[in-house]
Structure formats: C-alpha cells, structure tokens
Asks: 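Below you will find the structure I want to go over with you.
In what follows, every chain begins at residue 1, and chains take the letters A, B, ... in the order their sequences are listed.
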Amino acid sequence: MLQVNYIRQNRDKVIERLAIKNFTQTGLVDEIIALDDERKKVQAAFDNTQARVNSASKEIGQFMRLGQKHEAEALKAEVATLKTNIDPLKTEMTNVEKRLTEKLLLLPNLPSDKVPQGKTPENNIVVREGGVKPTLEEAALPHWELTTKYKLIDFELGTKITGSGFPVYTGKGAKLQRALVQYFLDFNTSAGYVEYLPPFMVNEESAYGTGQLPDKEGQMYYAAADNFYLIPTAEVPVTNVYRDTILKEADLPVKMTAYSPCFRREAGSYGKDVRGLNRLHQFEKVEIIQIVHPDKSDEVLEEMVNHVEKLLKSLDLPYRILLLCGGDMGFTSAITYDFEVYSAAQGRWLEVSSVSNFQDFQTNRLKCRFKDGAGKTQLTHSLNGSSLALPRIVASLLENNQQANGIMLPPALHQYFGAEWIM
RNA sequence: GGAGACGUGUCCGAGUGGUUGAAGGAGCACGCCUGGAAAGUGUGUAUACGGGAAACUGUAUCGCGAGUUCGAAUCUCGCCGUCUCCGCCA
C-alpha cells in the first residue's frame, strides 16, 4: 500500500506512474487525498473534545478526594454534554479511516522509472538470453508423454484423487522433485539465505500483508471452517515473519529462503497453457526473500536476478530474462524480471521465476520497519523471487535432454538425484 | 474437545477504578569514573496519528473487540492466544 503522505506530496507523479501500469482510475487518488483531509479534520475535533473530557475527569478526581461534591457534579454535567459530541465524532473517525484504508488498498504499487510502457507481454523487454536451444530429433516427445514413458508423473491418478492440476509424482519423478528442492535450497543457503519451512496455510492478516488480499481473493484456496488461506507461494508466510516488527539497521539485509508447495486456483486458465506441467493447482517452489534498507533495494534486485541466473545456468537450460512492462506486472510490484526457460519439444518459453522489488508497498502493509542511524523509524523494502519453481523446470529438463535411451540430467543434479540418467 | 490458570514496555516484573504511558529491576545507548576494562554512577530508552520551524504538545494504545463509569491496565461480556490437568492422536 502506498503511503498517504507520499500520495499527497506527489499527486501528479502518482497518477502519471499509475498510467504506466494501465491504472486509469485517477479519481481514486484525489478521493484518497480528500478522505485524508477529512480524517485530519475529524481527528482534530475529536482530540480537542477528548482532551477536555480527560482534563475534566482529572479535576473531578481531585474534587472527590477533597470532598467537594458540588464542584464535581458540575463538571460531570459538563462532561456529559461533551460526550454527546464525542460519540458521533469517534464513529465518524473510525468510518473515515476505514474508507481511506479501503481506497488505499485499491491502488497498485507504482512502477519504477525503469519499467517500460505497454499493455501486453509483447511489450516486455528481453534483457538477456543464455544457454543453447537443443536441436531435437523428429521423434522428440513433449514432457507429458515423457513423464508417462518413464513413469515419472501420473496426471490421471491425481485427477482421480483430487482433480486436474494435482499431479502424482511417482518413482524417479518423485525423487527428481526431492533432488531439485534440495539442490535449490542448498544453492540459496550457500549464498547466505536462511532456510525456513513455513506454514502452508495463513490467516487473513498475513494474506493482506503481502497483498494477496483483497486483490487476488479468487486465486487462493480457502479453508472456510478456520478462515485460513492455502499459500499460493512461500512469499506469503515468510515475508510475514517480519510483520509488525521494528528491526535494527544492523539486522539488514534479512535474507530468507523457503521451500513450499504452492496452491493456486488458476480460475480462467485453459487449453495448451494447462497441458502437462505447464500450469498446475499444486506445485513445488523454492523462494528467496530479502528485507533490506530502502537505499539498497535497487542493487539487491540486481543481486537476486544474478543469483537466479546463476542457478539456471547451472542446470544448463536455455533461458531468457525479461523486464516486464507496466501492463504485465503484478499489483504489488515496482519492478519485475521474469525468467523463462525454453521448452524445446513444445517450442515455447515457460516462466520459471519472477524476481520483484516491492519497495515499501508490502512493508507498509506489514509494518515492517527499522530504526535508522538517527533513531528514526522508517519502512524497509522487500523483494522476492522464485529460485525456482519446479514443474516447468522439470518440463524443460525432460524435453531438452531427451535421447533415444533416456534423459540425461545436468551434472549439478547428479549427486542430488543419485544418477546421471533417467531411464 | 473438556476443566482450570494466565495474557502489562526489548525482557523480567509491580500494579484490583483517579496526574500510571505505566513502580522496580535487567538489557541497550550515551556520558562520568578508569591506564584500559569490570564494578560504580548520571541521563536517556514504545508505537501510530494530529498540531508546531523547533523545543514541545494533544489523542489513542497494558492480547483483540465491545460495554459499565465523570474517569479503566484495574470491573463486565465476547473473541484470540499461552500454560497446566484430562481426553484424543501422527
């Protein structure tokens, strides 16, 4: 959530920046400023009246102690009158604050200066590419056939047990998942990220904290009996570790990594997008998260992009890095880089990571702050990225490395998988 | 799930209706003391919002929410959480 004071001081800039994200309800910005004006007015009125009540109450106490009943009674009468004003003021104050927050929650984060204009993925900018696209045999198979051929994943079984989009990994397929998770976590902890194993369900407050609510309500599975949400990414529970926290400047940066299954309803998806591993309701992912000094978040974003790139390189997969345009970015992000790997048999790029700087948008909701050198409390910046999401990595590994007699795994995985080939 | 106890600041801990935003202690920060340190000693040490150039100041906050009262950390109700015992259980 943007800070009201920032909006007040930078009204025109806010509107201009929001346009880059194709957010055109500019009236909302002025509504927010007007509501904030009203809030101040009402609060001043309330504070003044309450101050008088408080001081009168103290005086009443003094009179009572001295046994001056008449004086006390006179003051009580005055307070009674004041109180008839206070109740409506208080109601109005709560009301205005609530309306202000509601409006503020509707404003997406402002895109940073580097974000290109554009409405659709075609406007994303390819920052760089790496790896070599393999040349496959005529008889090469898409991953959903390879997983059957080598008995790695049973999609139909998952449909029977739960529903479509909930695959069952079997044998080598299950082991490959485990190997990848282990490898990714080790890779991240070696770079100084502290490993977490968080809850896979969160309460409403946490879902608001990272911005899943109220924006993406329909995308999360919801356990109504307990009012819990199944996490769509480890970002949610792990970033909330620092909700309502004031850190010391020396504690920064906070670097965390976590494996978790991710649950996504993916309402509205269909067709070739959801074939095989391309889009699932439940999948495995390892996430990296940093909470940093606001002056550092730009450079930390680059650091995280380089980190993920190094990891992808170690898997010998052809990849490219995209700088997302305003229209393709998430609600909470100020700048996002997507990583895609080339899935050779499908002949298409698949997103396997998304690295974003949220600046103070999440931390403002989370109230995650730090005390600076001058003893002033300010908001930290938060960033996160996938490192990495498994299914599409698996799809690409299988398709790109298939040979007549099996699938050759990249050297980085041999130790973890316990073999060089899937046969 | 049942019964009971409890929930105060960074931590420990006092506080059962009236200058209590909160005693006391510890920790931490800065200073004095010291050759240096320890000990000792002095000062400071919550957050949010409003007003103010600032000093400072008003309001709110003692798990959360509502209520009683002129006045609530203190009384009442609801919720959440923790602990103990019982039940159940991987």
Side-chain angles (χ1 to χ4, degrees), chain A residues 1-9 32-105 197 199-209 223-229 237 240-252 254 261 291 360-380:
Chain A
M1 162 165 95
L2 299 174
Q3 299 185 72
V4 192
N5 283 337
Y6 181 86
I7 297 173
R8 297 185 74 98
Q9 286 156 21
I32 284 168
I33 294 173
L35 275 171
D36 192 48
D37 285 336
E38 200 183 334
R39 195 199 100 247
K40 287 187 187 189
K41 229 176 66 192
V42 178
Q43 191 187 331
F46 172 82
D47 283 359
N48 289 335
T49 318
Q50 187 60 250
R52 179 58 199 140
V53 170
N54 288 346
S55 66
S57 293
K58 277 182 188 170
E59 289 172 45
I60 291 171
Q62 313 240 339
F63 285 132
M64 299 292 269
R65 230 171 296 129
L66 297 169
Q68 296 173 287
K69 286 241 166 81
H70 278 298
E71 288 81 348
E73 289 305 322
L75 271 181
K76 278 194 194 181
E78 188 195 334
V79 170
T81 319
L82 289 173
K83 296 245 309 186
T84 58
N85 299 329
I86 281 191
D87 289 342
L89 279 174
K90 189 169 183 181
T91 311
E92 200 186 338
M93 195 163 79
T94 317
N95 192 331
V96 171
E97 272 167 9
K98 203 177 132 210
R99 274 158 56 209
L100 179 60
T101 308
E102 274 167 11
K103 299 282 181 199
L104 277 171
L105 286 173
L197 183 60
F200 301 150
M201 292 192 220
V202 295
N203 58 29
E204 217 177 339
E205 253 189 305
S206 295
Y208 270 100
D226 297 286
N227 198 18
F228 291 152
Y229 292 88
N240 272 281
V241 165
Y242 286 95
R243 170 149 52 83
D244 290 320
T245 301
I246 300 179
L247 291 153
K248 297 194 191 96
E249 189 163 359
D251 296 333
L252 303 175
V254 171
I291 293 170
D360 62 10
F361 191 85
Q362 284 185 333
T363 53
N364 187 32
R365 290 189 181 197
L366 291 164
K367 305 227 169 22
C368 173
R369 295 153 294 174
F370 74 102
K371 263 204 206 305
D372 65 20
K376 242 192 95 187
T377 306
Q378 2 172 354
L379 292 170
T380 56

Asks: In whole Å, what is the span from the CD1 atom of I246(A) to the C1' atom of rU61(B)?
Replies: 14 Å

Asks: Is the phosphate of rU47(B) approached by T377(A) (side-chain N or O, under 4.0 Å from OP1 or OP2)?
Replies: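 Checking T377(A) against rU47(B): at least one side-chain N or O falls below 4.0 Å of OP1 or OP2.
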
Asks: Is L75(A) touching bases, backbone alone, or none of the nucleic acid, heavy atoms closer than 4.0 Å?
Replies: nothing

Asks: Between atom CD in E204(A) and atom P in rC79(B), what is the gap in whole Å?
Replies: 18 Å

Asks: Any strand is fair game: report the nucleotide pairing with rA53(B) by Watson-Crick or G-U wobble, both distances under 3.5 Å, or none.
Replies: none

Asks: By nearest nucleotide on RNA chain B, pick out whichever of K76(A) and Q50(A) is the more 5' one.
Replies: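 Closer to the 5' end of RNA chain B: Q50(A).
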
Asks: Pick the C1' atom in rG42(B) and in rC80(B), then give their distance to the nearest Å.
Replies: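 After rounding to an integer number of Å, I get 44 Å for this pair.
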
Asks: In whole angstrom, what separates D251(A)'s CG from rU10(B)'s P?
Replies: 15 Å

Asks: Test your reading of the model: is there a side-chain donor-acceptor pair from T380(A) to the backbone of C368(A), 3.5 Å cut-off?
Replies: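 Such a contact is found between T380(A) side chain and C368(A) backbone.
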
Asks: Is the closest side-chain heavy-atom distance between N227(A) and N203(A) below 4.5 Å?
Replies: no

Asks: Could you tell me the separation between the NZ atom of K90(A) and the P atom of rA66(B), rounded to a whole number of Å?
Replies: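 Atom NZ in K90(A) sits about 7 Å away from atom P in rA66(B).
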
Asks: Distance check, P atoms only: rG40(B) and rG63(B), in whole angstrom units.
Replies: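 The same atom, P, in both gives a distance of 33 Å.
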
Asks: Taking atom P in both rG18(B) and rC75(B), compute the distance separating them and give it to the nearest angstrom.
Replies: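 12 Å, rounded to whole Å.
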
Asks: Nearest-Å distance, CG (N227(A)) to P (rC79(B))?
Replies: 16 Å

Asks: Closer to the 5' end of RNA chain B via nearest nucleotide, is it G61(A) or K367(A)?
Replies: G61(A)

Asks: Scan the side chains in residues 240-252 of chain A for donor-acceptor partners under 3.5 Å anywhere in the protein, sequence neighbours excluded, and list what turns up.
Replies:
residue, atom, partner, partner atom, Å
N240(A), OD1, R243(A), NE, 2.7
N240(A), ND2, S206(A), O, 2.9
N240(A), ND2, V236(A), O, 2.8
R243(A), NH2, S206(A), OG, 2.8
T245(A), OG1, Y242(A), O, 3.3
T245(A), OG1, R243(A), O, 3.0
E249(A), OE1, G373(A), N, 2.9
D251(A), OD2, K248(A), N, 3.0

Asks: Taking only side-chain nitrogens and oxygens of R369(A), does any of them come within less than 4.0 Å of OP1 or OP2 of rU47(B)?
Replies: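 Answer no for this pair, as no side-chain N or O of R369(A) is under 4.0 Å from OP1 or OP2.
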
Asks: Is there a Watson-Crick or G-U wobble partner for rA14(B) with both distances under 3.5 Å, and if so, which one is it?
Replies: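 The answer is none; no pair meets the criterion.
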
Asks: For nucleotides rU45(B) and rG58(B), find the distance between their P atoms and express it as a whole number of Å.
Replies: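 The answer is 16 Å between these two P atoms.
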
Asks: On a whole-Å scale, what distance lies between the C1' atoms belonging to rG87(B) and rG15(B)?
Replies: 38 Å

Asks: Atom CZ of F370(A) and atom C1' of rU47(B): how far apart are they, to the nearest Å?
Replies: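 For the pair F370(A) CZ and rU47(B) C1', the rounded distance is 16 Å.
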
Asks: How many whole angstroms separate atom NZ of K371(A) from atom P of rU45(B)?
Replies: 11 Å

Asks: Using atom CG of D372(A) as one end and atom P of rA29(B) as the other, report the distance to the nearest whole Å.
Replies: 17 Å

Asks: Using distance alone, with no hydrogens and no angle criterion, decide if N364(A) and Q3(A) have a side-chain donor and acceptor under 3.5 Å apart.
Replies: no

Asks: For M64(A) versus A72(A), what's the shortest heavy-atom pair and its separation?
Replies: SD-CB, 3.9 Å

Asks: Would you tabulate the side-chain donor-acceptor contacts of residues 81-93 of chain A under 3.5 Å, counting partners in other chains and residues two or more places apart, or write 'none'?
Replies:
residue, atom, partner, partner atom, Å
T81(A), OG1, A77(A), O, 3.0
T84(A), OG1, T81(A), O, 2.5
T91(A), OG1, D87(A), O, 2.8

Asks: Give one of base, sugar-phosphate or nothing for R52(A), where a contact means two heavy atoms less than 4.0 Å apart.
Replies: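 Result for R52(A) = nothing.
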
Asks: Supply the atom-to-atom distance F370(A) CZ to Q378(A) CD, rounded to the nearest 0.5 angstrom.
Replies: 4.0 Å

Asks: Could you tell me how far rG27(B) sits from rG36(B) if I compare only their P atoms? Round to whole Å.
Replies: 22 Å

Asks: Report yes if the side chains of E73(A) and K76(A) come closer than 4.5 Å at any heavy-atom pair, otherwise no.
Replies: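 Yes, at least one pair of side-chain atoms sits under 4.5 Å.
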
Asks: Name the nucleic acid region contacted by A56(A), choosing base, sugar-phosphate or nothing; use a 4.0 angstrom heavy-atom cut-off, strictly under.
Replies: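 Answer is nothing: A56(A) stays at 4.0 Å or more from every strand.
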
Asks: Ignoring backbone atoms, test whether N54(A) places a side-chain nitrogen or oxygen under 4.0 Å from the OP1 or OP2 oxygen of rU59(B).
Replies: yes

Asks: What integer number of Å spans the C1' atoms of rC12(B) and rU19(B)?
Replies: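 Result for the C1' pair: 27 Å, nearest Å.
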
Asks: Going by purine N1 to pyrimidine N3 plus the second Watson-Crick contact, or the G-U wobble pair, all under 3.5 Å, which nucleotide sits opposite rC33(B)?
Replies: none

Asks: Could you check which nucleotide pairs with rU68(B) in any of the strands shown, counting Watson-Crick or G-U wobble with both distances under 3.5 Å?
Replies: none

Asks: With both distances under 3.5 angstrom, what nucleotide forms a Watson-Crick or G-U wobble pair with rG87(B)?
Replies: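 Its partner: none found.
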
Asks: Taking any strand in view, what nucleotide pairs with rA22(B) in a Watson-Crick or G-U wobble way, both distances under 3.5 Å?
Replies: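 Pair assignment: rA22(B) / none.
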
Asks: Partner lookup for rA46(B), please. Criteria are Watson-Crick or G-U wobble with both distances under 3.5 angstrom; report none if nothing qualifies.
Replies: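 WC or wobble partner is rU61(B).
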
Asks: Spell out, as yes or no, whether a donor-acceptor pair under 3.5 Å connects the side chain of N48(A) to the backbone of A44(A).
Replies: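 Judged by distance alone, yes, a pair lies under 3.5 Å.
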
Asks: So which of residues 38-47 of chain A are in contact with RNA chain B, with a heavy-atom cut-off of under 4.0 Å?
Replies: R39(A), K40(A), Q43(A), F46(A), D47(A)

Asks: If the C1' atom of rC28(B) is compared with that of rA46(B), how far apart are they to the nearest Å?
Replies: 14 Å

Asks: Does rA73(B) have a Watson-Crick or wobble mate here (both distances under 3.5 Å), and if so which one?
Replies: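 rA73(B) is unpaired by these criteria.
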
Asks: For residues K58(A) and L75(A), determine if any side-chain heavy atom of one lies less than 4.5 Å from a side-chain heavy atom of the other.
Replies: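 No, side chains not in contact.
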
